[in-house]
**Q** 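To start, I am sharing the structure in question, which I have written as C-alpha coordinates.
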Amino acid sequence: MAETATPELLPGTIQEQADDAKSQLEPGYAVICWNDPVNYMEYVTHVFRQVFGWPRKKAEFHMLQVHKQGKSILVRESLEKAEHYVHQLQKHSLHATMERDQ
Amino acid sequence: MKLIRTGKGQLRFQLTPREKELLLNVLQLYPRIPSGYQPLSQSTGREEANQCLLDEALAETRLQNQKELRMLLSDSQRLRQQEGQWQLTLAPVDVGWLLQVLNDIRIGSWIHLGSPATPLKALNAQTAPDLWAMEMAGSFQMRFLELLEG
(Lines give C-alpha, C1' and ligand atoms only; values in the text may rest on other atoms or scores of the structure.)
Protein backbone atom coordinates (compact mmCIF):
# COMPACT_ATOMS: atom_id res chain seq x y z
CA MET A 1 0.00 0.00 0.00
CA ALA A 2 1.28 3.45 -0.78
CA GLU A 3 2.52 5.29 2.29
CA THR A 4 0.32 8.10 3.50
CA ALA A 5 -0.53 9.39 6.95
CA THR A 6 -0.35 6.74 9.68
CA PRO A 7 -3.51 6.45 11.74
CA GLU A 8 -3.21 6.44 15.50
CA LEU A 9 -4.47 2.91 15.89
CA LEU A 10 -1.99 0.07 15.64
CA PRO A 11 -2.65 -3.59 14.91
CA GLY A 12 -3.49 -5.63 17.94
CA THR A 13 -5.52 -2.99 19.71
CA ILE A 14 -8.87 -4.37 18.64
CA GLN A 15 -10.19 -7.72 19.76
CA GLU A 16 -11.38 -9.52 16.68
CA GLN A 17 -14.56 -11.24 17.72
CA ALA A 18 -14.94 -12.79 14.28
CA ASP A 19 -11.83 -14.93 14.87
CA ASP A 20 -13.27 -16.29 18.11
CA ALA A 21 -16.48 -17.20 16.38
CA LYS A 22 -14.74 -18.96 13.49
CA SER A 23 -15.30 -22.46 14.80
CA GLN A 24 -19.02 -21.80 15.21
CA LEU A 25 -19.50 -20.93 11.54
CA GLU A 26 -20.45 -23.26 8.73
CA PRO A 27 -17.49 -24.19 6.53
CA GLY A 28 -17.13 -21.25 4.25
CA TYR A 29 -14.83 -18.78 2.62
CA ALA A 30 -12.43 -16.21 3.97
CA VAL A 31 -12.39 -12.87 2.21
CA ILE A 32 -8.79 -11.69 2.14
CA CYS A 33 -7.39 -8.31 1.21
CA TRP A 34 -3.75 -8.36 0.06
CA ASN A 35 -1.18 -5.62 0.24
CA ASP A 36 -0.17 -3.79 -2.89
CA PRO A 37 2.28 -0.93 -3.38
CA VAL A 38 -0.18 1.45 -4.96
CA ASN A 39 -3.51 1.89 -3.17
CA TYR A 40 -3.56 4.75 -0.67
CA MET A 41 -4.01 3.82 2.98
CA GLU A 42 -6.82 6.36 3.38
CA TYR A 43 -8.61 4.96 0.36
CA VAL A 44 -8.38 1.39 1.63
CA THR A 45 -9.85 2.51 4.96
CA HIS A 46 -12.61 4.34 3.10
CA VAL A 47 -13.46 1.25 1.03
CA PHE A 48 -13.57 -1.05 4.07
CA ARG A 49 -15.99 1.37 5.73
CA GLN A 50 -18.15 1.57 2.63
CA VAL A 51 -18.24 -2.13 1.82
CA PHE A 52 -18.60 -3.56 5.33
CA GLY A 53 -20.13 -0.60 7.14
CA TRP A 54 -17.36 -0.75 9.73
CA PRO A 55 -16.48 2.06 12.10
CA ARG A 56 -13.28 3.94 11.29
CA LYS A 57 -11.17 2.17 13.94
CA LYS A 58 -12.01 -1.30 12.72
CA ALA A 59 -11.42 -0.29 9.10
CA GLU A 60 -8.05 1.22 10.05
CA PHE A 61 -7.10 -1.89 12.01
CA HIS A 62 -7.60 -4.10 8.95
CA MET A 63 -5.97 -1.57 6.63
CA LEU A 64 -2.85 -1.55 8.83
CA GLN A 65 -2.88 -5.33 9.03
CA VAL A 66 -2.83 -5.45 5.24
CA HIS A 67 -0.07 -2.84 5.12
CA LYS A 68 2.18 -4.39 7.76
CA GLN A 69 1.46 -8.11 7.45
CA GLY A 70 0.75 -8.33 3.75
CA LYS A 71 -2.85 -9.42 4.09
CA SER A 72 -5.88 -9.35 6.34
CA ILE A 73 -8.79 -11.73 6.63
CA LEU A 74 -11.70 -9.35 6.54
CA VAL A 75 -14.69 -11.66 7.00
CA ARG A 76 -15.62 -15.34 6.83
CA GLU A 77 -18.78 -15.95 4.88
CA SER A 78 -20.76 -18.35 2.74
CA LEU A 79 -19.68 -18.74 -0.90
CA GLU A 80 -22.29 -16.30 -2.17
CA LYS A 81 -21.57 -13.60 0.39
CA ALA A 82 -17.81 -14.02 0.01
CA GLU A 83 -18.15 -13.60 -3.76
CA HIS A 84 -20.26 -10.52 -3.20
CA TYR A 85 -17.64 -8.93 -0.94
CA VAL A 86 -14.75 -9.83 -3.26
CA HIS A 87 -16.68 -8.26 -6.11
CA GLN A 88 -17.30 -5.12 -4.08
CA LEU A 89 -13.64 -4.83 -3.07
CA GLN A 90 -12.41 -5.48 -6.61
CA LYS A 91 -14.85 -2.90 -7.95
CA HIS A 92 -12.84 -0.47 -5.84
CA SER A 93 -9.58 -1.87 -7.33
CA LEU A 94 -8.38 -3.49 -4.12
CA HIS A 95 -6.50 -6.77 -4.35
CA ALA A 96 -9.04 -9.09 -2.72
CA THR A 97 -9.60 -12.81 -3.03
CA MET A 98 -11.63 -15.48 -1.31
CA GLU A 99 -10.17 -18.74 -0.08
CA ARG A 100 -11.92 -21.80 1.26
CA ASP A 101 -11.72 -21.63 5.02
CA GLN A 102 -9.52 -24.38 6.47
CA MET B 1 -10.89 22.36 -4.87
CA LYS B 2 -13.06 23.17 -1.88
CA LEU B 3 -16.16 21.72 -0.31
CA ILE B 4 -18.42 24.74 -0.14
CA ARG B 5 -21.78 23.34 0.92
CA THR B 6 -23.39 20.27 2.36
CA GLY B 7 -27.10 19.81 2.81
CA LYS B 8 -30.22 18.20 1.39
CA GLY B 9 -28.15 15.05 0.85
CA GLN B 10 -25.84 16.90 -1.54
CA LEU B 11 -22.21 17.94 -1.47
CA ARG B 12 -21.08 20.92 -3.51
CA PHE B 13 -17.45 21.23 -4.53
CA GLN B 14 -15.91 24.34 -6.02
CA LEU B 15 -13.18 24.00 -8.60
CA THR B 16 -11.07 26.57 -10.39
CA PRO B 17 -11.30 26.44 -14.20
CA ARG B 18 -7.88 24.77 -14.28
CA GLU B 19 -8.92 22.12 -11.72
CA LYS B 20 -12.11 21.43 -13.66
CA GLU B 21 -10.13 21.00 -16.87
CA LEU B 22 -7.68 18.63 -15.18
CA LEU B 23 -10.47 16.61 -13.55
CA LEU B 24 -12.30 16.18 -16.87
CA ASN B 25 -9.08 15.25 -18.66
CA VAL B 26 -8.23 12.57 -16.13
CA LEU B 27 -11.79 11.19 -15.95
CA GLN B 28 -11.84 10.72 -19.70
CA LEU B 29 -9.21 8.01 -19.27
CA TYR B 30 -11.65 5.70 -17.46
CA PRO B 31 -11.56 2.67 -17.48
CA ARG B 32 -7.88 1.81 -17.27
CA ILE B 33 -7.69 -1.52 -15.40
CA PRO B 34 -7.49 -4.33 -17.95
CA SER B 35 -10.26 -6.91 -17.95
CA GLY B 36 -9.39 -10.12 -16.12
CA TYR B 37 -6.70 -8.44 -14.02
CA GLN B 38 -8.19 -9.33 -10.67
CA PRO B 39 -8.27 -13.00 -9.60
CA LEU B 40 -11.16 -14.30 -7.52
CA SER B 41 -8.88 -16.68 -5.67
CA GLN B 42 -5.14 -17.20 -5.21
CA SER B 43 -5.67 -20.94 -5.67
CA THR B 44 -5.50 -21.69 -9.36
CA GLY B 45 -7.57 -24.30 -11.13
CA ARG B 46 -10.62 -23.82 -8.95
CA GLU B 47 -13.84 -21.99 -9.47
CA GLU B 48 -13.21 -21.09 -13.10
CA ALA B 49 -16.89 -20.50 -13.67
CA ASN B 50 -16.99 -18.15 -10.72
CA GLN B 51 -13.96 -16.28 -12.07
CA CYS B 52 -15.78 -15.77 -15.37
CA LEU B 53 -18.82 -14.47 -13.52
CA LEU B 54 -16.67 -12.07 -11.55
CA ASP B 55 -14.94 -10.80 -14.69
CA GLU B 56 -18.31 -10.29 -16.36
CA ALA B 57 -19.68 -8.47 -13.33
CA LEU B 58 -16.65 -6.17 -13.20
CA ALA B 59 -16.91 -5.48 -16.94
CA GLU B 60 -20.59 -4.65 -16.52
CA THR B 61 -19.78 -2.34 -13.60
CA ARG B 62 -17.16 -0.52 -15.68
CA LEU B 63 -19.58 -0.11 -18.56
CA GLN B 64 -22.22 1.30 -16.22
CA ASN B 65 -19.65 3.62 -14.63
CA GLN B 66 -18.65 4.86 -18.06
CA LYS B 67 -22.27 5.72 -18.87
CA GLU B 68 -22.76 7.48 -15.54
CA LEU B 69 -19.53 9.38 -16.01
CA ARG B 70 -20.69 10.66 -19.40
CA MET B 71 -24.01 11.70 -17.87
CA LEU B 72 -22.29 13.46 -14.98
CA LEU B 73 -19.94 15.43 -17.17
CA SER B 74 -22.74 16.60 -19.45
CA ASP B 75 -25.25 17.41 -16.68
CA SER B 76 -25.37 21.18 -16.30
CA GLN B 77 -27.24 20.82 -13.00
CA ARG B 78 -24.35 18.93 -11.44
CA LEU B 79 -21.41 20.63 -13.13
CA ARG B 80 -21.93 24.31 -13.75
CA GLN B 81 -20.02 27.53 -13.97
CA GLN B 82 -20.69 30.28 -11.48
CA GLU B 83 -18.81 33.54 -11.11
CA GLY B 84 -15.73 32.27 -12.87
CA GLN B 85 -15.52 29.06 -10.85
CA TRP B 86 -17.00 25.61 -11.41
CA GLN B 87 -19.36 23.87 -9.03
CA LEU B 88 -19.72 20.12 -8.90
CA THR B 89 -22.78 18.90 -6.99
CA LEU B 90 -22.81 15.28 -5.92
CA ALA B 91 -24.75 13.00 -3.60
CA PRO B 92 -22.49 11.26 -1.06
CA VAL B 93 -22.99 7.98 -2.91
CA ASP B 94 -21.78 9.66 -6.10
CA VAL B 95 -18.61 10.81 -4.36
CA GLY B 96 -17.92 7.18 -3.38
CA TRP B 97 -18.49 6.19 -6.97
CA LEU B 98 -16.21 8.97 -8.26
CA LEU B 99 -13.46 7.81 -5.90
CA GLN B 100 -13.85 4.32 -7.36
CA VAL B 101 -13.48 5.71 -10.89
CA LEU B 102 -10.42 7.78 -9.96
CA ASN B 103 -8.83 4.77 -8.28
CA ASP B 104 -9.39 2.66 -11.39
CA ILE B 105 -7.54 5.29 -13.42
CA ARG B 106 -4.74 5.45 -10.86
CA ILE B 107 -4.30 1.67 -10.55
CA GLY B 108 -4.76 1.10 -14.27
CA SER B 109 -2.05 3.65 -15.04
CA TRP B 110 0.23 1.92 -12.55
CA ILE B 111 -0.43 -1.40 -14.34
CA HIS B 112 0.38 0.26 -17.67
CA LEU B 113 3.70 1.33 -16.15
CA GLY B 114 4.50 -2.31 -15.37
CA SER B 115 3.24 -2.36 -11.75
CA PRO B 116 6.47 -0.96 -10.25
CA ALA B 117 7.01 -1.75 -6.56
CA THR B 118 8.62 1.64 -5.95
CA PRO B 119 7.84 5.03 -7.50
CA LEU B 120 9.25 5.37 -11.01
CA LYS B 121 12.15 7.74 -11.39
CA ALA B 122 12.53 7.58 -15.15
CA LEU B 123 10.29 10.16 -16.73
CA ASN B 124 10.29 9.89 -20.49
CA ALA B 125 7.92 10.17 -23.41
CA GLN B 126 6.70 6.62 -22.84
CA THR B 127 6.07 6.81 -19.09
CA ALA B 128 4.97 10.46 -18.78
CA PRO B 129 1.29 10.03 -19.79
CA ASP B 130 0.74 7.15 -17.36
CA LEU B 131 2.66 8.89 -14.58
CA TRP B 132 0.62 12.04 -15.14
CA ALA B 133 -2.66 10.10 -15.03
CA MET B 134 -1.61 8.21 -11.92
CA GLU B 135 -0.54 11.32 -10.05
CA MET B 136 -3.50 13.41 -11.16
CA ALA B 137 -6.09 10.76 -10.31
CA GLY B 138 -4.37 10.23 -6.94
CA SER B 139 -4.32 13.94 -6.23
CA PHE B 140 -8.07 14.32 -6.81
CA GLN B 141 -8.74 11.12 -4.92
CA MET B 142 -6.89 12.35 -1.83
CA ARG B 143 -8.52 15.78 -2.02
CA PHE B 144 -12.03 14.29 -2.19
CA LEU B 145 -11.18 12.00 0.75
CA GLU B 146 -9.80 14.91 2.80
CA LEU B 147 -12.90 16.98 2.13
CA LEU B 148 -15.23 14.10 2.94
CA GLU B 149 -13.48 13.33 6.21
CA GLY B 150 -13.44 17.00 7.14
Side-chain angles (χ1 to χ4, degrees), chain A residues 1-5 7-8 28-53 55-57 59-60 63 67 70-73 77-102, chain B residues 30-34 36-44 46-47 49-51 53-62 64-65 92-93 95-97 99-111 113 115-120 134-135 137-146 148-149:
Chain A
M1 230 179 283
E3 285 281 359
T4 46
E8 293 171 7
Y29 289 80
V31 174
I32 302 171
C33 187
W34 302 83
N35 192 31
D36 64 60
V38 66
N39 273 299
Y40 287 133
M41 296 163 84
E42 284 87 348
Y43 180 70
V44 175
T45 302
H46 165 81
V47 173
F48 287 170
R49 292 179 72 191
Q50 293 285 307
V51 170
F52 299 106
R56 168 176 291 283
K57 283 189 175 179
E60 283 178 349
M63 177 276 292
H67 183 61
K71 68 174 184 177
S72 177
I73 296 175
E77 286 291 356
S78 65
L79 175 65
E80 289 77 14
K81 281 190 178 174
E83 280 177 345
H84 167 76
Y85 283 132
V86 170
H87 181 209
Q88 291 301 310
L89 293 166
Q90 293 198 353
K91 257 170 63 175
H92 290 84
S93 322
L94 300 195
H95 185 184
T97 63
M98 56 180 227
E99 308 299 331
R100 191 182 288 277
D101 217 0
Q102 299 300 317
Chain B
Y30 182 82
R32 291 228 84 194
I33 293 184
Y37 172 72
Q38 292 150 304
L40 178 62
S41 169
Q42 295 278 4
S43 319
T44 54
R46 289 192 328 186
E47 298 150 352
N50 290 340
Q51 179 68 54
L53 286 174
L54 178 72
D55 290 344
E56 283 173 15
L58 287 172
E60 180 59 35
T61 298
R62 290 197 177 107
Q64 189 59 35
N65 283 348
V93 66
V95 182
W97 165 80
L99 283 168
Q100 197 186 115
V101 166
L102 286 166
N103 204 50
D104 181 290
I105 296 164
R106 182 175 146 75
I107 305 299
S109 302
W110 173 74
I111 294 166
L113 286 165
S115 309
T118 54
L120 274 189
M134 193 176 158
E135 291 304 314
S139 171
F140 277 110
Q141 204 182 351
M142 287 305 292
R143 189 69 186 130
F144 274 116
L145 279 170
E146 280 169 13
L148 279 182
E149 304 295 336

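Below, each value reflects all heavy atoms present in this structure, side chains not excepted, and no hydrogens, waters or symmetry copies. Naming: A, B, ... by sequence-line order, numbering from 1 per chain.
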**Q** Could you tell me which portion of Glu146(B) (side chain, backbone, both or neither) has an atom closer than 4.5 angstrom to a non-hydrogen atom of chain A?
**A**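 Interface part for Glu146(B): neither.
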**Q** Not counting sequence neighbours, list each pair that qualifies as a salt bridge (charged side-chain N to carboxylate O under 4.0 Å, His left out) and has a residue in residues 100-110 of chain B.
**A**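 Checked against salt bridge (charged side-chain N to carboxylate O under 4.0 Å, His left out) - neighbours excluded - the pairs reaching residues 100-110 of chain B are Arg62(B)-Asp104(B).
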**Q** Nearest 0.5 Å, please: how far is SG in Cys33(A) from NE2 in His95(A)?
**A** 8.5 Å
**Q** Distance check, rounded to the nearest 0.5 Å: Glu60(A) atom CD versus Phe48(A) atom CZ?
**A**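 Glu60(A) CD to Phe48(A) CZ: 11.5 Å, rounded to 0.5 Å.
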**Q** Where on Leu99(B) is there a heavy atom nearer than 4.5 Å to chain A: the side chain, the backbone, both, or neither?
**A** both
**Q** Using non-hydrogen atoms only, which part of Pro116(B) is less than 4.5 Å away from chain A: side chain, backbone, both, or neither?
**A**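 Just its backbone gets close to chain A.
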**Q** Who among Asn65(B), Leu58(B), Thr118(B) has the most heavy-atom pairs with chain A under 4.5 Å?
**A**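 Answer, by heavy-atom pair count under 4.5 Å with chain A: Leu58(B).
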**Q** What part of Ala82(A) gets within 4.5 angstrom of chain B, counting heavy atoms only: side chain, backbone, both, or neither?
**A** neither
**Q** Any chance you could measure Met98(A), atom CE, to His84(A), atom NE2, to the nearest 0.5 Å?
**A**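 The distance works out to 13.0 Å.
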**Q** Using the test side chain to side chain donor-acceptor pair (under 3.5 Å), find all partners of Thr61(B) that sit at least two apart in sequence or belong to another chain.
**A** none
**Q** Under 4.5 Å from any heavy atom of chain B, what part of His46(A) do you find: side chain, backbone, both or neither?
**A** side chain
